[in-house]
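Working notes, beginning with the structure itself.
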Amino acid sequence: MSPFEHGEVFVLDDGGEVDLDLGNYERFLDIKLTHENNITTGKIYQFVIDKERRGRLLGRTVQVANLLAYSTLNLLTSCSHITDAIQEWIERVAMLPVDGKEGPADVCVIELGGTIGNTVLLWHNENGILDAGDIESMPFIEALGQFSCRVGAGNFCLVHVSLVPVLNAIEQKTKPTQHSVRGLRGLGLTPNVLACRCASDQKAHDAILRELKLQGVGQEPMLEEWSSMADICNSLREPVRIAIVGKYTGLSDSYLSVLKALLHASLPAVEN
């Protein structure tokens, strides 16, 4: 996995190389993940190709997705091998315990990477081109659309993360979120919760638990210690020059854990 493309590589206990985001989830939630928790396009295609080579598809043509599969009488009227493989992988991995206890988890969190939108700016000019987002994500978007219809309401909660820019330090603009939601709905997914990246507290956990009918399971997050540390980080003002020698220094995220370790090491100095 290239650090230039994915940032710093996080190595799991079973040797699997994953994106640093998955490593953050593992550390923040205090769980143990495996390479099976990292679903990539290459893994899905290899999984389907292996089944085809073994004759499991009975000679049928490999289908990425069948957009005509939805009907009022039969939800999946024909086989779509790639999207079916994605759903099968999700359901299989969701049953694996990750917290040292027996049995599956109460909630399986799936991060669908990529972008949703209808405008991409070219690097050599300021003109916009129509685009549905990252084309690599399209089979996963279609698979999750099928999955949400199959498992039904109450078993699937789509949280759409969107940036709400603030202009002139007072005015919040929701137009980018409106466009991204329209693009997402055009692809067959309707968000249950909008997580807007802004300064205000949105109580997103309450909305998610309500959608999944888990009000009695969840607890109010204890963020006092976290907030205190964040306040100290925001108060850091005096710069310190530290040289880092490495192969991938062209991208700061390639050594993000080193940078964060240095930042955290500076916190006691502020407290004292």
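Just the heavy atoms: all of them, side chains too, but no hydrogens, waters or symmetry mates, feed the values below.
Side chains of Gln146 and Glu142: a donor-acceptor N/O pair is present below 3.5 angstrom, by distance only.
In the hydrophobic cluster analysis, where Ile, Leu, Val, Met, Phe, Trp and Tyr join through side-chain heavy atoms closer than 4.5 angstrom, Leu259 is grouped together with Phe4. Taking hydrophobic clusters as Ile, Leu, Val, Met, Phe, Trp and Tyr residues chained together by side-chain heavy-atom distances below 4.5 Å, Val93 shares a cluster with Ile82.
For Arg54, the CZ atom is densely surrounded, since the number of other residues' heavy atoms within 6.0 Å is greater than 12. No more than 12 heavy atoms of other residues, nucleotides or ligands sit less than 6.0 Å from atom CG of Asp30.
Relative ring orientation between Tyr255 and Tyr248 is described as tilted, the plane-to-plane angle lying within the 30° to 60° band.
Side chain of Asn155 to backbone of Val151: a donor-acceptor contact under 3.5 angstrom is found. Using a distance-only test at 3.5 Å, with no hydrogens or angles considered, a donor-acceptor pair links the side chain of Ser235 to the main chain of Ile232. Side-chain N or O atoms of Thr40 include one that pairs as donor or acceptor with a backbone N or O of Lys43 at under 3.5 Å. Within the 3.5 Å criterion, the main-chain N or O of Thr34 finds a donor-acceptor partner in the side chain of Asn37. At distances below 3.5 Å, at least one donor-acceptor pair connects side-chain atoms of Asp14 with backbone N or O atoms of His35.
Of all heavy-atom pairs between Lys32 and Asp13, the closest is CD-OD2, 3.4 Å.
Between Lys260 and Glu8 there is no salt bridge, since no side-chain N of the basic residue sits under 4.0 Å from a carboxylate O of the acidic one. A salt bridge links Arg92 to Glu36: one of the charged nitrogens lies within less than 4.0 Å of a carboxylate oxygen.
At a threshold of 4.5 Å between non-hydrogen side-chain atoms, the residues Leu184 and Pro191 count as touching. Side chains of His81 and Arg60 form a contact here, defined as non-hydrogen atoms less than 4.5 Å apart.
Applying the ring pair (Phe, Tyr, Trp, His ring centres under 6.0 Å) rule to Tyr45 yields no partners; only residues at least two apart in sequence or on another chain are considered.
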